[in-house]
There are 2 protein chains.
Amino acid sequence: MLTQSEENYLKAIFSLSEHYSEIVSTNLLAEKMKTKPSSVTDMLRKLADKSLVSYLKYQGCELTEKGKESALQIIRKHRLWEVFLVEKLNFGWEEVHDIAEQLEHIKSSKLTDRLDEFLHFPKVDPHGDPIPDCNGKYSNDQKNKKLSSLSLNDEVMITGVEDGSAEFFQFLKHCKIELGTKVKIVAKYNFDQSVLIFINEQEIVLSELVSQKIYVQ
Amino acid sequence: MLTQSEENYLKAIFSLSEHYSEIVSTNLLAEKMKTKPSSVTDMLRKLADKSLVSYLKYQGCELTEKGKESALQIIRKHRLWEVFLVEKLNFGWEEVHDIAEQLEHIKSSKLTDRLDEFLHFPKVDPHGDPIPDCNGKYSNDQKNKKLSSLSLNDEVMITGVEDGSAEFFQFLKHCKIELGTKVKIVAKYNFDQSVLIFINEQEIVLSELVSQKIYVQ
DNA sequence: ATTAATTTTTAGACAAGACTAAAAATTAAT
DNA sequence: ATTAATTTTTAGTCTTGTCTAAAAATTAAT
Ligand SMILES: [Mn+2]
Ligand SMILES: [Mn+2]
Ligand SMILES: [Mn+2]
Ligand SMILES: [Mn+2]
């Protein structure tokens, strides 16, 4: 049985190895977990003892198959609960992450599967992130093209946003950026990689940081 | 902010002071919590520091108003989740307690209140236990008369059962005892306080222990 | 009123998970 | 190839919640 802390580490390693390289360094993981590198070292030992990560001193860590499966089950629960909160309890997509961070640790695969069924087996969560099925399988269609990668005059639809900080959602809300909103690239500014987009009948400038956190298709 | 452990202690003290006396002894609490009296002493100090219980060495403990409120909020969550699991996810009443033990610790009063609304503000949980409202108020109609207190030829309806052990629910399932089932007292045996009841077109003997865990009206 | 039994608390230890400060290993720069 | 900077680990400490064994207080029995 995994502790909540162990589960959070697994999720963090999974996310970092997706975004960066397969092998995750101690410092990067410490930053992600908002903790100290020394604490990470301690935890990596424990996870390695349970064969959830492969870990060699000074070489960083990597999830084992078992570790990847565990991580995906937690991610599955997180995203299903987010769907539940938005679809059934009328929460906004900006409110659900923190509550899902708690709910993802509830231990009952029967509950997870029944919830999945109750929600009619959703394929994506409120932020466009794919939801693994009970075997951990998922397809990533809506989150492979970033708004920042588009060319002039491209017309696309928003299919996902990075899930996380409250300030970011505040900004999205202000611009009325939602899943399904249509966007056209009006101009690209090379000096700071910002883009001018046409959205909701008006033009808005998005910084590079923001445009990298919005996914389109 | 309360830890899960602190919340579990509060719930246990609340339950014991309802069933026995207002003031709860260290040993009784230790038994209920399946832990050692010395651990209870430690915890009572912490809860007293947070003004959740009043505690005097060797005199046992008692919930303060604040402690009672906290306990009721946890019980509220526990029971709402039980309703959710039975009504929405089609769990049996015997399966939900353990999952609710986890869900009751999720911290978000907004979630609790939305869930309450989603379930149409239920007054009782699947075992007939009253659900406190967002202010902690509840009325106890269906759990004040025990089956064991009935007289010969009394005809009643089952309105509640003690929520807890799996073996007990196994037995209830076998006898097809559910909320709403009608029961008549056919005989009472004084030598062991067992009762003979007519239920679901047949006669069954219930031990004193069982008949004290079934509530009627 | 003593003695005996029971209950409760203290003292000391342990595991999990975190932290700081210092040491060691690795990587980068000269 | 050394030296310098960075990364990572070790050593030691802290808190929470638990435990055992021993001491103290309370309650019950003679
Ligand atoms: Mn999320
Ligand atoms: Mn999400
Ligand atoms: Mn229950
Ligand atoms: Mn119940």
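Lettering of chains follows the sequences in order, A, B, ..., and the numbering in each one begins at 1.
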Next on the checklist: Strictly by Watson-Crick or wobble contacts shorter than 3.5 Å, is anything paired with D/dG12, and which nucleotide is it?
Outcome noted: C/dC19

Checklist entry - In terms of side-chain heavy atoms, does A/Lys143 have a donor or acceptor partner in A/Thr159 at a distance below 3.5 Å? => result no

Next on the checklist: When you measure from the side-chain N and O atoms of A/Lys46 to the phosphate of C/dG17, is any distance below 4.0 Å, counting only OP1 and OP2?
Outcome noted: yes

Checklist entry - Out of A/Arg79, A/Glu82, A/Glu162, which residue meets the side chain to side chain donor-acceptor pair (under 3.5 Å) rule with A/His127? => result A/Glu82

Next on the checklist: What is the distance, to the nearest angstrom, from the CD1 atom on B/Ile23 to the C1' atom on C/dT8?
Outcome noted: 15 Å

Item to check | Separation of D/dT15 C1' from B/Asp42 CG (nearest whole Å) | outcome: 13 Å

Checklist outcome for this item: In whole angstroms, the gap separating P of C/dC19 from CE of A/Met43 amounts to 11 Å

Checklist entry - B/Thr26 side chain N/O closer than 4.0 Å to the phosphate oxygens (OP1, OP2) of C/dT9? => result yes

Item to check | A/Ser39 vs C/dG17: side-chain N/O to OP1/OP2 distance below 4.0 Å | outcome: no

Next on the checklist: What is the distance, to the nearest angstrom, from the CG atom on B/Leu44 to the P atom on C/dT10?
Outcome noted: 12 Å

Next on the checklist: Whether B/Lys57 contacts C/dT10 is assessed here as follows: a side-chain N or O lying under 4.0 Å from the phosphate OP1 or OP2. Is that the case?
Outcome noted: yes

Item to check | Pairing partner of D/dG17 (Watson-Crick or G-U wobble, both distances under 3.5 Å) | outcome: C/dC14

Next on the checklist: Show the nearest heavy-atom pair for residues A/Glu6 and A/Met43, with the distance to one decimal.
Outcome noted: CG-SD, 3.8 Å

Checklist entry - Between C/dT10, D/dA25, D/dT9, which nucleotide gets closest to the side-chain atoms of A/Tyr55? => result D/dT9

Item to check | Minimum-distance nucleotide (side-chain atoms of A/Thr35 versus C/dA18, D/dT20, D/dT18) | outcome: C/dA18

Next on the checklist: Could you tell me the Watson-Crick or G-U partner of C/dT7, where both distances fall under 3.5 Å? Say none if there is no partner.
Outcome noted: D/dA24

Item to check | D/dA29 pairs with, by Watson-Crick or G-U criteria that keep both distances under 3.5 Å | outcome: C/dT2

Checklist entry - Rounded to whole angstroms, how far apart are NZ on B/Lys36 and P on C/dT8? => result 15 Å

Next on the checklist: Strictly below 4.0 Å: does A/Thr3 bring a side-chain N or O up to OP1 or OP2 of C/dG17?
Outcome noted: yes

Checklist entry - Hey, is the side chain of A/Ser38 pairing donor to acceptor with the base of C/dT20 inside 3.5 Å? => result yes

Item to check | Steps toward salt bridge (Lys or Arg N to Asp or Glu O under 4.0 Å) verdict (B/Lys11, B/Glu104) | outcome: CA-CA 11 Å; B/Lys11 243 193 343 162; B/Glu104 72 189 3; 2.7 Å; yes

Next on the checklist: Assuming nearest nucleotide by heavy-atom distance, tell me which of A/Tyr9 and B/Leu56 is located more 5' along DNA chain C.
Outcome noted: B/Leu56

Checklist entry - Has B/Lys88 got its NZ or CZ under 6.0 Å from the middle of the six-membered ring of B/Phe118, at an angle within 45 degrees of the ring axis? => result yes

Next on the checklist: Is the ring pair B/Phe191/B/Tyr189 parallel, tilted or perpendicular, if the boundaries are 30 and 60 degrees?
Outcome noted: tilted

Next on the checklist: Could you tell me how far apart B/Met33 (CE) and D/dT18 (P) are, to the nearest whole angstrom?
Outcome noted: 7 Å

Item to check | Euclidean distance, atom CG of residue A/Asp49 to atom P of C/dA16 [Å, nearest integer] | outcome: 10 Å

Checklist outcome for this item: Atom OH of A/Tyr58 and atom P of C/dA23 are separated, to the nearest Å, by 13 Å

Checklist entry - So which nucleotide from C/dT26, C/dT9, D/dT9 ends up closest to the side chain of A/Gln59? => result C/dT26

Item to check | Any B/Thr41 side-chain nitrogen or oxygen under 4.0 Å from OP1 or OP2 of C/dT10 | outcome: no

